[in-house]
Each structure stands twice: as structure tokens, then as C-alpha cells.
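Each remark here refers to the structure printed beneath this line.
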Number of protein chains: 2
Amino acid sequence: MSHDDAHPVSLQCGDCPIRHRAVCARCESSELDELEAVKYYRSFEAGQTVIWSGDKMDFVASVVSGIATLTQTLEDGRTQMVGLLLPSDFVGRPGRDRAAYNVTATTDILMCCFRRKPFEELMERTPHLAQRLLQMTLDELDAAREWMLLLGRKTAREKIASLLSIVARRDASIRHRKLRGHLTFDLPLTREAMADYLGLTLETVSRQISALKRDGVIELEGKRHVTVPDMDRLLIEAGEDSDGGLIG
Amino acid sequence: MSHDDAHPVSLQCGDCPIRHRAVCARCESSELDELEAVKYYRSFEAGQTVIWSGDKMDFVASVVSGIATLTQTLEDGRTQMVGLLLPSDFVGRPGRDRAAYNVTATTDILMCCFRRKPFEELMERTPHLAQRLLQMTLDELDAAREWMLLLGRKTAREKIASLLSIVARRDASIRHRKLRGHLTFDLPLTREAMADYLGLTLETVSRQISALKRDGVIELEGKRHVTVPDMDRLLIEAGEDSDGGLIG
DNA sequence: TGCTTTGCTTGATTTGGGACAATACTTTGT
DNA sequence: ACAAAGTATTGTCCCAAATCAAGCAAAGCA
């Protein structure tokens, strides 16, 4: 029932992923033309901060290409990544005028933005839009709560294996490939970003990756390119059921 | 702008909190009568599991009284609490037919339930309902992400201080009292439940509470009744900005 | 071509919190 | 009033991950 299954982003509806992920539930599109009028694009270079926590945010947006992160920090500089934005992910909070997190570009990114007010007005009149956003927000909530289990209860080794399996899964689903057996993909994050995501130090991340490599769970080519000879083995290392992930 | 501010639950709309928290945005109530027809109450005793992760869930509900927890577990038994349900909180996921978490009664609880199908059908026709649920889900997402920062980056002492400050704040807001200076309240959780919430062991929870008491940050009467002589001091211990909590 | 910067790895040492254990307090039931 | 079960505190030991520190490799640049 996922929307991606029904309507692969790249095949059906022009250039703007938000149509798929946030707006069109059954591809009824009459109201969407209103959004076209308030749509604009913004791009950011790798390393740039898109918006700071607490800043005024008068738009909502969809990531078109590239990767961005959501982070929270304590005053003394300790940093925790709380979300990862991939192409077609939605960012911004209808009904709120301040950003709650720092959004930082990990790679060069392009975002498709909509002015918040008109977007909210459309939402008032379009039940499907609010419902679609509700579904997406419930998905994010599930992901956040799954991450809470990881942060609170998993060992460093399990954390790394979990992250690798998530990246592998997402990579495979983008390329419409199988999820079992032999997989290969690139890590979109530096060791430091992985540490911020997993609640570890970058040294521990490095050590555990080396350990998984030494134990034959993964193979590395350079620093970033990972091969997983046996996905089931990785899932076991991650402390997950082998059919993995969330129920329901 | 919070709904509670505008319409304190106990004053305006009969006996069902869901009217306030999920349904009525401006107290327009014509559609709500439909829900009355599919509304029923269920009660559970302290310690009972309301629903297991993965079970079929054909209702959504609002907590009327008592406290329940949302938990996730690994196969080997490690447990992480991912949410706390207090009176007027909403549980259940429109559009999904399986529970994603274990829901367990911490005290005796009463829940006001609605059959899922009619609820979803009403949502199709009522933009305010989907919007209201979206706002509530965004709040939960913020809370989950704030908790991720706590789980990933805070020390045991900071975790305890954070939990105490959250309980204090919630208690104060329920009783419409001040949030600064001298506060007193009861802990609604056992040491073990606190440990599951904070990603610690119950021994560490006990030790850190003793340490905060020894250092004069809190005073204890029995095991559960806490007095905070200086709320600002507690917030500093929690590693939070003294005007504390999330922005926007 | 060598110099600096950035990202990563590995080693040595320390430490915060987990594991295990003993004891005490507090309910609940008979 | 007592036993039994559940809940909480405190002590001792130990280990996983943090911290501190050194060195390597690739990329950018003068």
C-alpha cells in the first residue's frame, strides 16, 4: 500500500516528488495547480546549513536530489542526528513557523519549496493532503521510535550493523533490487556523521566497521563502498529479526 | 495556540477527551455525533498489556484516565520505552491495522475507543480531524526526537534530571501552576520503568536519584514523592537551556 | 613538488555505567 | 502478625566505549 509501490516517483508525474509523496493520494490533481503558483526551487552545496533550529521557516519542501540531515545539539556541542532526508522526503511543519532542528546538506542538494501559508490553505480544503502528510508523519514517528530502541539498548556493533542494513535496504529499494543475499552500496555519510546518528564517537564507529570487516560480515573497497556478502548475517548482527524492521 | 490552553479538557465538552484533543478544532461538532455511535469504553488494570506489537488493532483510542506506556523489545528481552500515554493522549494509527508497539497499563486505565473503519471514514470527510491528528503526531515526533538526543548523548545524571523536569512540567501544566522555582509532584513510574525509558539499568536510576538528592537538587519523601526546590537548577542538571525544551 | 587539510584508522588509557549480589523497605495476602 | 513477593538501595567488580594521542592516506592547492 506504500505510495512508492503504486506510483514510482520517476515514472509518472513530472519533476516534483512532492506530488507523489505528499499531495496525490490517487493522482487526482485538480488542486495541485494551485501549488505550482507558489513553488520554487532552492539548491545548497554540501556542508551548507539549510536552516537553523529556531529560525523562521515560511516554507515546506521536498528533497529532489541529494542528502540532508536533521540534527539537534546541546549547548556544549554534543550533537545527535535525529533524521536523514533522502530524495522525495518531506521537510517542514505545516502549522508551525519555526524550525525545530538544524537541517544541513550532506551532499549538494536541490529542494522543491512551497510557501507555507498557501500550502496550509490548500490543506484546509483538501482532506487527502492532510491525510497523506499524516501517513508520512506516522512513518517518521515509527522510524524515530525504532531509532530510540537502537540508541537506548543496542551495542556499538549492533548499531553499526543496523545502520548498514538500513542504508542497504534503502539503496536496494531505490534500485528495485532484492533485499537478501549479496548487496553492494555506497555509504552516504562520513564516520563522524555516522557517529552523530548512532550516539557514538567516530573512533568507535571506525573500530566497529573494521571489526565487521575482519569478521567477514562486510567487505570494504576504499572508505565508502561496502559489500554485504550475506544480508541475513548482517541483520543478525544488528539484533533484528531476519525479516527485519517494523511491524504495521 | 495549544488546544488545552483554549479549551481545558475538564470544562467544556462532556466526558470524552478525544473531542478535545483529536476532533474539535474550533468546537464545531456536527460530525462528532457519528463517532458517538461507534464509541465504547475499555478499562485495564495496572500491569495488563492493552495490546501487543504486531497484533491486529481495529480501533483508535484516547486515554481517559491512568497512565500507559509504549515499549519496543529486542528478541533477547532488552526493552526500550518509546512513549508515555497520559490522560487525553491518543493511541492508534489511522490507516494501519497492526499495532507497532506494546501498550501496557502502568496504573489502572480507562480508554475511550472508536472503531477504526468508521473513524477513518469520518476522517475522509472532515479535514479538521486529519489536521488535528497531524498536529498531534508532529508533537509526538518532536518529543521522540528530543528523546533521541537524550538517549544518544546525555549522561545518566542528565537523563534522570531531564525525566524529572518533564514530569514536573507536565504535572504543573495539568494543575495550571507555575513552572519555575519550588515544585512538588509524584513520580508515576517505577525505577524499572524509568530505566526502560532512559536506556539505563534500574540500579543506575536508583543511584543517580540518590546522588541528586545528596547534592540537594531534589528532595524525596518516600520513593515516589519528589520536591524540586529550584527548577532552574534541575534544568541545568538536565543539560537544557533554562527556558528548556523544544523550539517551535 | 612538497605542504596543508580533511577524513580515517589504530593504539594506550580511563571511566561511566552495566552485571551481579546482598540487604532493606513496602505492600499484599492469609 | 508473619510470610512472601515486589520494589528500592548500596556495594563490588568489570567491561564497553569514551578520551587522549599518534600516524596514515587521499585530495586540494601553492
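Keep in mind it's a predicted model, so treat the numbers as computed, not measured. So you know, we letter chains A, B, ... as the sequences are listed, proteins then strands, and number each from 1. Side-chain atoms are counted along with the backbone in the values below, which use heavy atoms only and exclude waters and symmetry mates.
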Determine, step by step, whether A:T204 and A:T201 satisfy the side chain to side chain donor-acceptor pair (under 3.5 Å) criterion, reporting the C-alpha distance in whole Å, the side-chain angles of both residues, the deciding distance to 0.1 Å, and the verdict. CA-CA 5 Å; A:T204 300; A:T201 59; 3.0 Å; yes

A:T201 vs D:dA18: side-chain N/O to OP1/OP2 distance below 4.0 Å: yes

Would a 4.5 Å heavy-atom cut-off, applied to side chains only, mark A:L198 and A:W147 as touching? yes

In whole angstrom, give the distance that lies between atom NZ of A:K154 and atom C1' of D:dA17. 18 Å

Taking only N and O in the side chain of B:S206, is any of them less than 4.0 Å away from OP1 or OP2 of D:dT9? yes

Rounded to the nearest Å, what distance is computed from the CE atom of residue B:M194 to the P atom of nucleotide D:dA8? 9 Å

For B:L187 and D:dT9, give me the distance from atom CG to atom P, rounded to whole Å. 10 Å

Could you check how far CZ of A:R191 sits from P of D:dA25, rounded to whole Å? 16 Å

Do side-chain atoms of B:R224 reach the backbone of B:F185 as a donor and acceptor pair under 3.5 angstrom? no

Looking at D:dG11, does its base get a donor-acceptor pair with the side chain of B:R207 below 3.5 Å? yes

Do A:R93 and B:D139 meet the salt-bridge criterion of a basic N to acidic O distance under 4.0 Å? no

Please pick, from D:dA8, D:dA17, D:dA21, the nucleotide with the shortest atom-to-atom distance to any side-chain atom of A:A156. D:dA17

Rounded to whole angstroms, how far apart are CD1 on A:I160 and P on D:dA17? 10 Å

More 5' along DNA chain C: B:T204 or A:E203, using each one's nearest nucleotide? A:E203

Is a donor on one side and an acceptor on the other found under 3.5 Å between the side chain of B:K39 and the backbone of B:C113? no

Just checking B:R78: base, sugar-phosphate only, or nothing, at a heavy-atom cut-off of under 4.0 Å? nothing

Does a side-chain heavy-atom distance below 4.5 Å link A:T71 with A:Y101? no

Answer with yes or no whether the side chains of B:T184 and B:H225 bring together a donor and an acceptor at under 3.5 Å. yes

Taking the axis from the first five pairs and the axis from the last five, what angle separates them in the helix from C:dT1-D:dA30 to C:dT30-D:dA1, rounded to 10 degrees? 30°

Starting at CG of A:L220 and ending at P of D:dA25, how long is that distance when rounded to a whole Å? 16 Å

Just by modelled atom types, is the B:K56 backbone N or O under 3.5 Å from a matching donor or acceptor in the B:D97 side chain? no

Any side-chain to backbone donor/acceptor pair from A:Q80 onto A:Y197? Under 3.5 Å, distance only. yes

Write down the distance between CD (A:E221) and C1' (D:dA26), rounded to a whole number of angstrom. 16 Å

Send over the distance from A:L198 CG to D:dA17 P, rounded to a whole Å. 12 Å

Check: A:T155 main-chain N/O paired with A:E158 side-chain donor or acceptor under 3.5 Å: yes

Chain A reaches DNA chain C, atoms under 4.0 Å from its heavy atoms, from C:dC8 to C:dA12

What nucleic acid atoms does B:R157 come within less than 4.0 Å of, heavy atoms only: base, sugar-phosphate, or nothing? nothing

Name the nucleic acid region contacted by A:L202, choosing base, sugar-phosphate or nothing; use a 4.0 angstrom heavy-atom cut-off, strictly under. base

Could you tell me whether A:G199 contacts a base, only the sugar-phosphate backbone, or nothing, with contacts defined as non-hydrogen atoms closer than 4.0 Å? sugar-phosphate

